[in-house]
Q: 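Provided herewith is a single structure, encoded as structure tokens, for subsequent inquiry.
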Amino acid sequence: MDAYYSCTRFMCQRVRIITRDGYVHEGRIVKVDRDHVYLETDRRDGPVNTSAFQPFGFRARNSILTLSLFTLLAIALI
């Protein structure tokens, strides 16, 4: 339950989350429910878009990463 309250406290803020298995995730918390936290991550690691033409104002959206609250070890503001 502590992870749930920590995540709700940091809603809409950029955070760094470390899971119990050692993975580090950075992004903005967009939603929290009783079992999961939804993290909007940057697409810096994804494919590079080299085209300058983006019709109709289209831009690549960030991806949403779903993490289980039971696997969270630490949450820090960045």
Side-chain angles (χ1 to χ4, degrees):
M1 222 25 132
D2 292 332
Y4 172 79
Y5 292 116
S6 294
C7 289
T8 57
R9 197 172 91 208
F10 296 136
M11 278 288 293
C12 301
Q13 297 185 26
R14 287 194 46 80
V15 295
R16 177 177 294 130
I17 294 178
I18 303 170
T19 59
R20 294 180 192 270
D21 52 4
Y23 289 103
V24 177
H25 305 282
E26 290 185 5
R28 184 175 60 91
I29 296 177
V30 293
K31 182 180 175 185
V32 180
D33 60 28
R34 292 288 177 184
D35 297 316
H36 300 93
V37 58
Y38 300 89
L39 194 68
E40 181 180 38
T41 60
D42 296 333
R43 292 199 91 183
R44 286 183 277 176
D45 298 332
V48 176
N49 183 2
T50 58
S51 172
F53 176 71
Q54 295 179 342
F56 309 111
F58 175 79
R59 64 181 190 134
R61 301 192 78 182
N62 295 343
S63 59
I64 303 294
L65 178 65
T66 304
L67 299 172
S68 171
L69 288 178
F70 301 110
T71 64
L72 302 187
L73 182 61
I75 301 172
L77 289 175
I78 56 171

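A quick note: this is a predicted structure, and the numbers were derived from the prediction, not measured. Along the sequence shown, residues are numbered consecutively beginning with 1.
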Q: With a 4.5 Å cut-off on side-chain heavy atoms, are I75 and F10 touching?
A: yes
Q: Shortest non-hydrogen contact from C7 to I29?
A: O-CD1, 3.8 Å
Q: Is any side-chain heavy atom of Q13 closer than 4.5 Å to one of R28?
A: no
Q: For a quick check under 3.5 Å, do S63 and T41 share a side-chain donor-acceptor pair by atom type?
A: yes
Q: Stepwise, does the side-chain hydrogen bond (donor to acceptor under 3.5 Å, both in side chains) test hold for D33 with Y4?
A: CA-CA 8 Å; D33 60 28; Y4 172 79; over 6 Å; no
Q: About how many Å separate OG1 of T66 and CG of D35, when rounded to the nearest 0.5 Å?
A: 11.5 Å
Q: Are L69 and V15 connected in a single hydrophobic cluster, I mean Ile/Leu/Val/Met/Phe/Trp/Tyr linked by side-chain heavy atoms less than 4.5 Å apart?
A: yes
Q: Step by step, work out the side chain to side chain contact (heavy atoms under 4.5 Å, CB included) result for R16 and H25.
A: CA-CA 6 Å; R16 177 177 294 130; H25 305 282; over 6 Å; no
Q: Do Y5 and L67 sit in the same hydrophobic cluster, where Ile, Leu, Val, Met, Phe, Trp and Tyr count as joined when their side-chain heavy atoms come under 4.5 Å apart?
A: yes
Q: If you round to the nearest 0.5 Å, how far is CG of L72 from CG of D2?
A: 11.5 Å
Q: Would a 4.5 Å heavy-atom cut-off, applied to side chains only, mark V30 and I64 as touching?
A: yes
Q: Mind checking the CG-NZ spacing from L39 to K31? Nearest 0.5 Å is all I need.
A: 14.0 Å
Q: Do the non-hydrogen side-chain atoms of M11 and V32 ever get within less than 4.5 Å of each other?
A: yes
Q: Are Y23 and F70 connected in a single hydrophobic cluster, I mean Ile/Leu/Val/Met/Phe/Trp/Tyr linked by side-chain heavy atoms less than 4.5 Å apart?
A: no
Q: On a heavy-atom basis, which atom in R20 and which in L73 lie closest, and how many Å separate them?
A: N-CB, 4.0 Å
